[in-house]
Amino acid sequence: MKRPALVRQVAYAAACALLFPFSGVAAVAQTVIATIPAQEGSLGFPLTIAVNPLTQLVYIAGNGVEVVNQRTNTPVTTLNIGEDSESGIAINPVTRKLYVTDYLTGLYVVDLNTNTIVGKFAISNALAVTYNPITNRVYTLDNLANVWVNDGTTGALIKEIATPPQIGSSQAFTITINPVTNRIYIPVNVEPGELFVVDANSNAVTTVPLKGDLSYFAAVDVLRNIIYVSAQAGQVDVLNGATNTETATITGIPLEPGAISVDPLTRRVYLSNLGQNEVEVINGATNTLTSTVIPVGTTPDFSAIDLLHGLLYVGNTAEFEPGPVSVSVISLN
């Protein structure tokens, strides 16, 4: 009777080791220490970012995938993938596999040991991608908010999971997974907000109503199974991942919240704000917006966190106003 609990504990430890390979709690400084020019432009869903803290390489998707040396914040090479419309990126830092979606052509599996494509699967209008290192499954969101499940080694299709139909064009743009529970989170950009919760074990889809309007991005505190969902109308919804119930709504956020990155050690939640050109900091222990504001570049959207080195990468897309396309490097230590 105790074996399932043991399996869950092992899975939990594996996910933390792969996704959060930190060595201790550090003090928080929260300042921009470098700006990386994003040479690959702004097609697709620009400046989605993945980090391998083990090799200290950063991968920035745009027209292609720009590989950046984390130590020097300088480009190393560019990976030419698809038709120059990269829309999503995810990584397994241990096996060194990179998963990239191109909006026009689909999912690519890249072996980072050789920087070569080792798998491809055609998906029309692929918007975003996430990865579970425990199950070795890749999950791609298309423009109809359906989820394509592919093998993390070969890219072969395993199954397709349909979500409830939406009115008109796609109203879901991002996808996130809790690798421990194997639940997938897809915010729906409607008023009031909604969240599709997909149980990747059973393929069951639950629609969770949210208090925030125009839900956009979800992030997970895997240590506590807490889900944070940004709402572009100026809120963050906080959910209990075990029950899919909303436990708090953080309000008073200036327009327009975007991507979220979570530090489960310090319980700080970093919220990119597209309309304010800054990153806001939320205290996850109290579910309150702090007074800390980190200025970055123009229209910051996607972000990625490296807990091993205490760094946050924020993609400045310059989508709403003129400005250089770049990635801000923020020190959290």
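Side-chain atoms are counted along with the backbone in the values below, which use heavy atoms only and exclude waters and symmetry mates. Owing to the predicted nature of the structure, the values given are computational and were not obtained by experimental measurement.
Taking the side-chain contact (heavy atoms from CB on, under 4.5 Å) definition, one finds that Asn69 meets it with Arg71, Thr72, Thr74, Val76, sequence neighbours left out. By the side-chain hydrogen bond (donor to acceptor under 3.5 Å, both in side chains) test, Ser215 is found to be paired with no residue, residues two or more places apart in sequence or in another chain being considered. In this structure Val190 satisfies the side-chain contact (heavy atoms from CB on, under 4.5 Å) test together with Gln171, Val188, Glu194, sequence neighbours excluded. With sequence neighbours excluded, the residues forming a side-chain contact (heavy atoms from CB on, under 4.5 Å) with Thr135 are Asn132, Arg137, Tyr139, Asn182, listed by chain and number. The side-chain hydrogen bond (donor to acceptor under 3.5 Å, both in side chains) test applied to Thr153 returns Asn136, not counting sequence neighbours. Evaluation of the side-chain hydrogen bond (donor to acceptor under 3.5 Å, both in side chains) rule for Thr140 yields no partner, not counting sequence neighbours. With sequence neighbours excluded, the residues that form a side-chain hydrogen bond (donor to acceptor under 3.5 Å, both in side chains) with Asn52 are Thr55. Residues passing the side-chain contact (heavy atoms from CB on, under 4.5 Å) test with Pro209, sequence neighbours excluded: none.
A side-chain donor-acceptor contact under 3.5 Å links Ser87 and Thr101.
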Which donor-acceptor pairs under 3.5 Å do side chains of residues 121-128 form with protein atoms, sequence neighbours excluded?
none

Throw together a table of side-chain donor-acceptor distances under 3.5 angstrom for residues 234-242, partners on residues two or more places apart or in other chains.
from: Gln235; atom 1: OE1; to: Asp213; atom 2: N; distance (Å): 3.2
from: Asp237; atom 1: OD1; to: Lys211; atom 2: N; distance (Å): 3.2
from: Asp237; atom 1: OD1; to: Gly212; atom 2: N; distance (Å): 3.1
from: Asp237; atom 1: OD2; to: Gly212; atom 2: N; distance (Å): 3.4
from: Asn240; atom 1: OD1; to: Ala242; atom 2: N; distance (Å): 2.8
from: Asn240; atom 1: OD1; to: Thr243; atom 2: N; distance (Å): 3.4

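Within the structure, ring-ring contact (aromatic ring centres under 6.0 Å, His included) contacts touching residues 47-99 (residues at least two apart or in different chains) are Tyr99-Tyr131.
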